[in-house]
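Below is one structure, written out as structure tokens, with a few remarks after it.
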Amino acid sequence: MANINGGPQSFLELRKEESRSPISSTSMFEVVADDLQKLNQNLLSMVGKENPALVSAAQRIFGAGGKRMRPALVFLVSRATAGLVGLEELTVEHRRLAEIIEMIHTASLIHDDVLDDSDMRRGKETLHQLYGTRVAVLAGDFMFAQSSWCLANLENLEVIKLISQVIKDFASGEIKQAASLFDCEVELEEYLIKSYYKTASLIAASTKGAAIFSGVDRDMTEKMYEYGKNLGLSFQIVDDILDFTQSTKQLGKPAGTDLAKGNLTAPVIFALEREPKLKEIIESEFSEPGSLEEAIRLVKSSGGIERAMELARQKADLAIQNLQCLPPSAFRFALEDMVTFNLERID
């Protein structure tokens with residue numbers, strides 16, 4: 001089928017034409033609900049009981065639940081690929097990988113909140129607001145260390161290297177971001193590299209690691225890596241769009257927070273190409289009253305949001321293409337739904 005420009009219609013365009021209700025995380029993860037339930041039970045036990053402050057912090061973090069998107073991806077890819085090599089059930093390694101991934105993700109969020117001095121995350125007080133910076137930093141450090149220990153015990157050098165690179169990427173992403181604050185010369189490619197380091201690297205490692213433990217061939221594991229990378233980039237771009245389009249109540253933090261701190265994301269980079277006045281305002285670091293609000297208006301009026309949406313859709317389409325190597329199954333369809341679910345946040 002062709003689109004209005006005469007080219008082939010994308011999978012996502014075809015899905016949009018179907019009469020279907022919006023996807024929820026509950027329905028999307030239903031096929032791995034039992035796996036996620038076991039994961040929730042195991043996460044607290046991974047923290048141990050040696051330090052009461054850490055146990056209290058961990059209970060607050062893991063007890064809050066959450067979508068568990070990254071471990072869900074591990075389970076979905078694991079089950080989508082396991083059948084290809086005759087595995088009837090997930091291995092211990094699959095399950096431990098999901099737990100490690102969630103612990104690394106949680107540790108990175110704790111440290112992000114400290115670095116950004118964020119008071120709220122998803123409408124709730126951050127760990128350092130409740131327990132102080134010292135406990136928050138130590139909790140994040142402990143989770144990184146514990147996840148590294150569990151990773152080493154998997155005794156798979158390829159996966160150890162893969163996940164270790166993710167932890168290095170987190171630091172590289174933060175350094176890149178800090179070095180380019182209020183820099184209006186930042187290019188889209190640099191933004192995508194930083195977004196890979198901060199978001200997509202972990203998601204790509206989750207999906208590739210799952211395929212490695214299933215024992216599928218290298219071509220399949222690389223396709224799963226590319227799926228995770230493209231999904232992760234699309235996810236980050238959508239998050240950066242929502243920073244401009246959602247209310248403070250919806251975001252759980254003030255709208256335009258990234259821009260206010262000088263972190264220039266895709267909507268801003270696109271808007272800078274068309275709006276010279278925006279550059280002046282950003283380089284002044286919003287020194288004039290009302291200048292941040294004016295900058296947000298300029299981003300919206302110059303087409304920055306729409307062009308960022310198109311970029312998110314391009315990465316999403318690539319992610320869908322990466323999944324076509326998998327045979328049809330409930331697990332592959334859930335992986336496709338994950339891509340659509342992400343885009344529905346901006347539709």
Strictly distance-based, threshold 3.5 Å: is any side-chain N or O of [X] a donor or acceptor partner for the main-chain N or O of [Y]?
X: S164; Y: K161; value: no
X: R70; Y: I203; value: no
X: N263; Y: L259; value: no
X: S234; Y: N230; value: no
X: D169; Y: Y197; value: no
X: E190; Y: E187; value: yes
X: S195; Y: Y191; value: yes
X: N153; Y: W149; value: yes
X: E174; Y: F170; value: no
X: T91; Y: H94; value: yes

Run the salt-bridge test on [X] and [Y] with the 4.0 Å N-O cut-off and return the result as yes or no.
X: E185; Y: K279; result: yes
X: E102; Y: R68; result: yes
X: K194; Y: E189; result: no
X: D219; Y: K223; result: yes
X: R297; Y: E293; result: no
X: K229; Y: E226; result: yes
X: E89; Y: R95; result: yes
X: E222; Y: K208; result: yes

### Task
Begin from the C-alpha positions of V74 and T207 and carry the test side chain to side chain contact (heavy atoms under 4.5 Å, CB included) through to its verdict.
CA-CA 6 Å; V74 171; T207 50; over 6 Å; no
### Message
I'd like to know whether M224 forms a side chain to side chain contact (heavy atoms under 4.5 Å, CB included) with C325, so could you lay out the CA-CA distance, the side-chain angles of the two residues, the decisive distance to 0.1 Å, and finally the verdict.
### Response
CA-CA 9 Å; M224 293 304 98; C325 60; 3.8 Å; yes
### Query
Any side-chain donor-acceptor pair under 3.5 Å between Q236 and D240?
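Result is yes, a qualifying pair exists.
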#### Entry: Separation between CG of L231 and OG1 of T199, rounded to the nearest 0.5 Å
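The OG1 atom of T199 is 10.5 Å from CG of L231, to the nearest 0.5 Å.
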### Query
Does R345 count as lying over the ring of F235, i.e. NZ or CZ under 6.0 Å from the six-ring centre, within 45 degrees of the axis?
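Yes, R345 lies over the aromatic ring of F235.
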### Task
Go through the steps for I104 and L202 under the test side chain to side chain contact (heavy atoms under 4.5 Å, CB included), then give the verdict.
CA-CA 9 Å; I104 289 173; L202 179 61; 4.2 Å; yes
### Message
Using 30° and 60° as the class boundaries, would you call the ring planes of H111 and F144 parallel, tilted or perpendicular?
### Response
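Rings of H111 and F144: tilted, as their planes differ by 30° to 60°.
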### Task
With side chain to side chain donor-acceptor pair (under 3.5 Å) as the test, would you mind laying out the steps for N42 and E99 before giving the verdict?
CA-CA 8 Å; N42 291 340; E99 294 157 8; 2.9 Å; yes
